[in-house]
Amino acid sequence: MKKILLLGAGRSASVLIEYLVSQAAAEQWEVAIGDVCVDHLPSSVQLSSYTHTFVFDVHNREQREREIAKAEVVISMLPALFHPLVAQSCLALGRHLITASYVTPELKALSAAAEAKGLVFVMECGLDPGIDHMSAMKIIHQVKQQGGTVTAFKSFTGGLLAPESDNNPWHYKFTWNPRNVIVAGQGTARYIENGTYKYIPYPQLFKRTETILVDGFGYFDGYANRDSLSYRQPYGLQEVPTLLRGTLRRSGYCQAWQVLVQLGLTDDSYVLENSANMTYRELVESFLPGTDQELTLKERVAAHVGLAPDAEELYMVGWTGLFDELPIGLENATPAQALEKLLVPRWKLSPGDKDMIVMQHLLEYDLNGEHKKLTSSLVVLGEDEVHTAMAKTVGLPIGIATKLLLQGQIQQRGVVVPLQPELYEPILAELEQLGVQFTEKEE
């Protein structure tokens with residue numbers, strides 16, 4: 001029996017767990033699943049003869065090392081800040097590691113030592129990062145193999161709501177870590193367009209959107225991710241005149257979110273005074289100049305952000321409860337933490353809700369004297385609030401990579417991102433069999 005240790009059994013791991021259990025008999029796997037709580041796991045997992053569940057504390061070094069030592073490969077679905085702890089233990093104990101998270105400088109520094117020990121740490125193997133890399137490299141390599149020259153590459157991804165569950169004015173609910181949504185885009189976005197470097201400071205980010213059409217699902221707004229430039233080298237596009245990676249939202253979201261940014265509600269850099277006893281209305285008041293009570297709060301916000309009081313953006317902001325006398329009830333909260341607490345119950349997936357993953361690559365290239373455009377689109381719909389499209393697209397690539405590793409099909413060592421055909425081809429091929437399939441259109 002080959003032993004797999006999965007650390008983290010939250011919402012994003014549901015489909016991964018089902019995949020591991022479904023493959024366990026044929027592949028002869030024993031799967032140990034540890035998290036701070038495992039009671040929520042279905043009985044099919046709890047009672048399977050191929051699985052073992054247990055309460056896990058990542059900070060408990062003795063337990064961490066004991067459990068990792070039992071496994072051949074460790075999958076970490078823990079929050080990204082815990083990956084270095086897990087990786088250090090995997091390195092010390094000689095165990096392979098697979099995660100969906102970005103390669104940080106701290107983790108990249110372990111690559112040489114892992115390679116020397118014959119270990120592979122497969123990272124960025126989820127959705128974004130993950131499927132975005134693999135599908136991008138597939139079409140980039142195809143163009144280059146034909147002798148084409150890539151002149152522009154844009155890629156957008158969004159975790160959104162399926163049309164039938166789109167029932168609030170923001171057209172959005174949380175399908176991933178809420179905190180990451182609240183602080184998204186902070187810093188300065190960097191990309192290149194027609195040979196010119198472009199920079200968008202955070203206060204302007206949600207004003208600068210691009211309209212994206214996805215056949216069958218309509219129009220979306222895309223805003224630039226923080227750093228697109230760092231992808232030129234790994235994608236082999238060092239000389240490309242245009243390269244941009246971004247995030248997708250439904251129309252209206254970015255415009256309303258810009259109001260929250262202008263007010264200062266997404267700031268996570270300082271603690272509010274007496275936040276536990278403050279209301280959200282008082283929080284909004286605290287960001288406004290003056291104390292003119294002749295105007296309503298909504299009217300004063302409108303004047304402050306340069307909108308008409310009846311603007312759709314202000315209706316959406318008001319829908320959240322920010323203009324109401326609702327207590328924050330959170331000690332030593334930053335504005336961003338207070339906003340997160342308000343939005344979580346309003347943007348929570350309800351029973352029966354379905355989410356939707358949308359990804360689109362837009363590639364332009366020159367071949368044999370012709371200028372061509374290739375659009376590669378992916379839409380994945382969730383089944384319900386547990387078996388989400390997010391969980392499917394994050395978890396399945398990790399599960400497939402785990403199988404490839406235990407079958408001896410991954411020969412690379414050190415810290416590895418799935419940018420090469422020997423990794424992305426079999427993963428994308430099995431994803432297609434499981435319903436995660438791109439549609440390509442060329443002009």
Side-chain angles (χ1 to χ4, degrees), residues 156 158 160-161 163 165-174 178 181-189 198-214 217-224 246-269 272 278-328 334-347:
F156 295 90
L160 303 155
L161 288 172
S165 300
D166 188 348
N167 58 7
N168 74 50
W170 289 79
H171 311 293
Y172 186 82
K173 292 182 182 179
F174 291 121
V181 176
I182 302 299
V183 300
Q186 298 195 11
T188 297
K198 297 287 187 179
Y199 304 94
I200 309 177
Y202 178 62
Q204 303 297 318
L205 181 64
F206 294 96
K207 291 181 179 179
R208 302 261 293 272
T209 61
E210 181 172 340
T211 301
I212 303 295
L213 173 63
V214 179
F217 292 88
Y219 291 93
F220 299 82
D221 285 344
Y223 67 87
T247 298
L248 291 178
R249 293 288 184 260
R250 280 293 190 183
S251 180
Y253 176 101
C254 292
Q255 293 76 14
W257 194 262
Q258 177 65 23
V259 174
L260 305 184
V261 173
Q262 286 179 266
L263 285 171
L265 289 164
T266 61
D267 197 323
D268 200 42
S269 64
L272 297 163
M278 181 185 285
T279 68
Y280 283 98
R281 183 182 181 88
E282 290 170 339
L283 175 60
V284 173
E285 289 267 12
S286 71
F287 287 114
L288 298 176
T291 56
D292 183 0
Q293 298 303 317
E294 293 183 5
L295 301 176
T296 66
L297 176 60
K298 187 176 181 180
E299 288 171 337
R300 284 183 288 132
V301 169
H304 182 60
V305 301
L307 292 171
D310 61 353
E312 178 67 15
E313 295 94 324
L314 292 181
Y315 166 71
M316 293 165 67
V317 171
W319 176 88
T320 67
L322 275 166
F323 298 154
D324 301 334
E325 293 288 0
L326 299 170
I328 294 174
T334 67
Q337 289 169 337
L339 180 62
E340 179 183 346
K341 184 174 185 287
L342 178 70
L343 291 180
V344 163
R346 287 158 177 78
W347 283 357

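Nothing fancy with the numbering, it's 1 onward along the sequence.
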Output the distance between atom CZ (Arg250) and atom CZ (Phe217), rounded to the nearest 0.5 Å.
8.5 Å
Looking only at heavy atoms, which two atoms of Phe206 and Ala184 are closest? And how far apart?
CZ-O, 3.9 Å
With sequence neighbours excluded, what pairs up with Thr279 under the side chain to side chain contact (heavy atoms under 4.5 Å, CB included) test?
Arg281, Glu282, Glu325
First locate atom CD1 of Ile182, then atom CD of Glu340, and finally report the distance between them rounded to the nearest 0.5 Å.
6.0 Å
Side chain to side chain contact (heavy atoms under 4.5 Å, CB included) against Pro327, all qualifying residues, sequence neighbours excluded:
none
Looking at every non-hydrogen atom in both residues, tell me the closest pair between Tyr280 and Leu342 and how far apart they are.
OH-N, 3.4 Å
What are the two closest heavy atoms between Val181 and Phe174, and how far apart are they?
CB-CE2, 3.7 Å
State, yes or no, whether a side-chain contact exists between Leu297 and Glu285 at a heavy-atom distance under 4.5 Å.
yes
I'd like to check the salt bridge (charged side-chain N to carboxylate O under 4.0 Å, His left out) partners of Glu210; sequence neighbours left out, ordered by chain and number.
Lys154
Rounded to the nearest 0.5 Å, how far does OG1 of Thr320 lie from CG of Leu339?
7.5 Å
Suppose we screen for side-chain hydrogen bond (donor to acceptor under 3.5 Å, both in side chains). Which residues come up paired with Lys173, at least two apart in sequence or across chains?
Asn167, Asp353
Distance (rounded to the nearest 0.5 Å) between Met278 CE and Leu272 CG
5.5 Å
Val317 side chain near Phe323 side chain, heavy-atom distance below 4.5 Å:
yes
Residues 303-316 vs side chain to side chain donor-acceptor pair (under 3.5 Å), sequence neighbours excluded, gives none
Leu314 to Ala308 - nearest heavy-atom pair and separation
CD1-O, 3.5 Å
Do Arg249's NZ or CZ and the ring of Phe220 fall within the cation-pi criteria of under 6.0 Å and 45°?
no
Can you tell me how far the CG atom of Leu322 sits from the CE atom of Met316, to the nearest 0.5 Å?
12.5 Å
Residues which pass side-chain hydrogen bond (donor to acceptor under 3.5 Å, both in side chains) with Gln186, listed by chain and number, not counting sequence neighbours
none
Listed partners of Leu213 passing side chain to side chain contact (heavy atoms under 4.5 Å, CB included), at least two apart
Asp215, Tyr219
Residues at least two apart in sequence or cross-chain that pass side-chain hydrogen bond (donor to acceptor under 3.5 Å, both in side chains) with Gln204, listed by chain then number, are none
Residues passing the ring-ring contact (aromatic ring centres under 6.0 Å, His included) test with Phe156, sequence neighbours excluded, are none
Which heavy atom in Gly222 sits nearest to a heavy atom in Leu248, and how many Å separate them?
CA-CD2, 4.0 Å
side-chain hydrogen bond (donor to acceptor under 3.5 Å, both in side chains) involving Asp268 - partner list, sequence neighbours excluded
Arg179, Thr334
Heavy-atom closest pair, residues Ala224 and Ile200:
CB-CD1, 4.3 Å
Scan the side chains in residues 252-267 for donor-acceptor partners under 3.5 Å anywhere in the protein, sequence neighbours excluded, and list what turns up.
{"from": "Gln255", "atom 1": "OE1", "to": "Gly252", "atom 2": "N", "distance (Å)": "3.1"}
{"from": "Gln255", "atom 1": "NE2", "to": "Asp221", "atom 2": "OD2", "distance (Å)": "3.4"}
{"from": "Gln258", "atom 1": "NE2", "to": "Pro203", "atom 2": "O", "distance (Å)": "2.8"}
{"from": "Thr266", "atom 1": "OG1", "to": "Tyr202", "atom 2": "OH", "distance (Å)": "2.7"}
{"from": "Asp267", "atom 1": "OD1", "to": "Ser269", "atom 2": "N", "distance (Å)": "2.8"}
{"from": "Asp267", "atom 1": "OD1", "to": "Ser269", "atom 2": "OG", "distance (Å)": "2.5"}

